[in-house]
Peer 1: 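One structure follows; several queries about it will come next.
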Number of protein chains: 2
Amino acid sequence: MQQESARRSNRERTEETREKLIAAARRLFIEKSYAETGTPEIVRSAGLTRGALYHHFADKQALLQAVVEREAEQVAKEIEQGSDDAASPVRALIDGGRAYLAAMTEPGRTRLLLLDGPAVLGRARMDEIDSRHGNRTLREGLAAAMRAGAIRRLPLDPLTGLLGAAFDRAALTIEAGADADACHRALAGLIEGLSAGKTGGAD
Amino acid sequence: MQQESARRSNRERTEETREKLIAAARRLFIEKSYAETGTPEIVRSAGLTRGALYHHFADKQALLQAVVEREAEQVAKEIEQGSDDAASPVRALIDGGRAYLAAMTEPGRTRLLLLDGPAVLGRARMDEIDSRHGNRTLREGLAAAMRAGAIRRLPLDPLTGLLGAAFDRAALTIEAGADADACHRALAGLIEGLSAGKTGGAD
DNA sequence: CGATTAACATACAGGCTGCATGCATGCAAC
DNA sequence: GTTGCATGCATGCAGCCTGTATGTTAATCG
């Protein structure tokens, strides 16, 4: 009766089910929000039951974490594809930022990665995910620019976090309907300031 | 029997009850989180019942909004008290930032204003609250500095948002145990960069 | 081919939210 | 001042959700 569906191994079956759950959860978490989406709705949308969900994920939070992790990975991939070569380290940073903002245009990413993720999983877990995917390229870019003497030397990790937060906010603001070009200019100004600001470095 | 409690007018009674609910909710939202705190626990902690809560607030979100609003107001007040006079516009910005970070040291404020608030109330409502209390001073400071020619001219509103986000992230990072001084330096570097970076201002 | 384990569905317990109902007290008008 | 209404608040209820325990089918392995 179930020829094509029963022919898959346990391994494939697991992968497929997890995939369906993550996809359905992603869809609903984006459309509504994590809090306003119930597990019954998720599994209904995935064509499964809550039994499958709680078999593969410890709880609802773990499902969100899987969704977030995958999304962060995807964003990192798009950024790396977008910014390969750059004239100068500073230009590389600005280009990377632009690629990040472009990636965050994908609907729902801001909600997943910047709102629900931090609130539900906590900033610690989000930082850990971020450092593996999102902020990694930014951090490397800043380190390279510092080594090259293109920007003033500042504490690397805090600066990475601060700039990353500025990028995040820019993504949110743009999605909220603000002037994207103005945001890009402000962001570029912030970065360029790092390169020129060697005057006040007497700390 | 209830002499001192029955002697208050309806007006006072309302104020007092709302106050108790907000205080209890604040305490628990900070200790745990918004999501993990139930209304039964809140009213128990306040010595009331859920009837009182839902009489004064439309729903649990409205209670959080009241808590957040009050907290943002308090932060703004502390900042204004902390930074009165400043030598230069740029120094005023840095001092203001330092005052903000100091205010955000108060336990739980980061969770209320930077995590649960945006996630539950949505960024639109939070932006509205922020623009009335928190970011207002920052925005005015940036505008003044631009008028004085102390920093390069960039789109004001986006820049305010971006810098505000950097401040927020600094507060979170510091609370997470990072080196506070390094965060302060990175933040100051970001701001000072705006003042020196007149090279790329060909806009 | 029998036994074990994994994948999944179903049923259940506890808790929570929001509302509707009910009571008691403050308040205003006559 | 007492009559009537509105306000402040407590209690009870309906519906939903989460997490878990139990049962069933299908795959894997000796």
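To find a chain, count down the sequence lines: A is the first, B the second, and so on, and within it residues start at 1. Bear in mind that the values here come from a model prediction, so they are computed numbers and not experimental data.
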Peer 1: Heavy atoms under 4.0 Å is the rule here; annotate nucleotides 5-11 of chain C 5' to 3' with B where the base is hit, S where only the sugar-phosphate is, and - elsewhere.
Peer 2: --BBBB-
Peer 1: Tell me the ring pair (Phe, Tyr, Trp, His ring centres under 6.0 Å) pairs involving residues 32-70 of chain B, sequence neighbours left out?
Peer 2: Phe29(B)-Tyr34(B)
Peer 1: Tell me which nucleotide among dT18(D), dG18(C), dC16(C) gets nearest to the side chain of Pro40(B).
Peer 2: dC16(C)
Peer 1: Quick one, Arg136(B) with Ser131(B), criterion side-chain hydrogen bond (donor to acceptor under 3.5 Å, both in side chains). Give me CA distance, side-chain angles, the key distance, then yes/no.
Peer 2: CA-CA 5 Å; Arg136(B) 207 197 53 212; Ser131(B) 67; over 6 Å; no
Peer 1: Please report, rounded to the nearest Å, how far the P atom of dT25(C) is from the CD atom of Glu12(B).
Peer 2: 18 Å
Peer 1: Taking CD in Glu15(A) as the centre, count heavy atoms belonging to other residues, nucleotides or ligands within less than 6.0 Å. Is the count above 12?
Peer 2: no
Peer 1: Determine yes or no for a side-chain-to-main-chain donor-acceptor pair under 3.5 angstrom, with Asp59(A) supplying the side chain and Ala62(A) the backbone.
Peer 2: yes
Peer 1: Under a 4.0 Å N-O cut-off, is there an ion pair linking Glu73(A) with Lys77(A)?
Peer 2: no
Peer 1: Between Phe57(A) (CZ) and dT18(D) (P), how many Å, whole number?
Peer 2: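 Atom-to-atom, Phe57(A) to dT18(D), this comes out as 15 Å.
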Peer 1: Calculate the interatomic distance between Glu36(A) atom CD and dG18(C) atom P; express it in whole Å.
Peer 2: 11 Å
Peer 1: Answer yes or no: is there a donor N or O on one side and an acceptor on the other, between the side chain of Lys60(A) and the main chain of Thr37(A), under 3.5 Å?
Peer 2: yes
Peer 1: Which of residues 58-69 of chain A sit near DNA chain D, with a heavy atom under 4.0 Å from it?
Peer 2: Asp59(A), Lys60(A)
Peer 1: Look at the side chain of Ser45(A) and the backbone N and O of Glu41(A), then say whether any donor-acceptor pair between them is shorter than 3.5 Å.
Peer 2: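 No.
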Peer 1: Has Thr39(A) got a side-chain N or O lying under 4.0 Å from the OP1 or OP2 atom of dT18(D)?
Peer 2: yes
Peer 1: Do you know which of Arg169(B), Met104(B), Met126(B), Arg109(B) makes side-chain contact (heavy atoms from CB on, under 4.5 Å) with Leu114(B)?
Peer 2: Met104(B)
Peer 1: Starting at atom CG of Leu28(B), determine the distance to atom P of dC16(C), rounded to an integer number of angstrom.
Peer 2: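 Atom-to-atom, Leu28(B) to dC16(C), this comes out as 12 Å.
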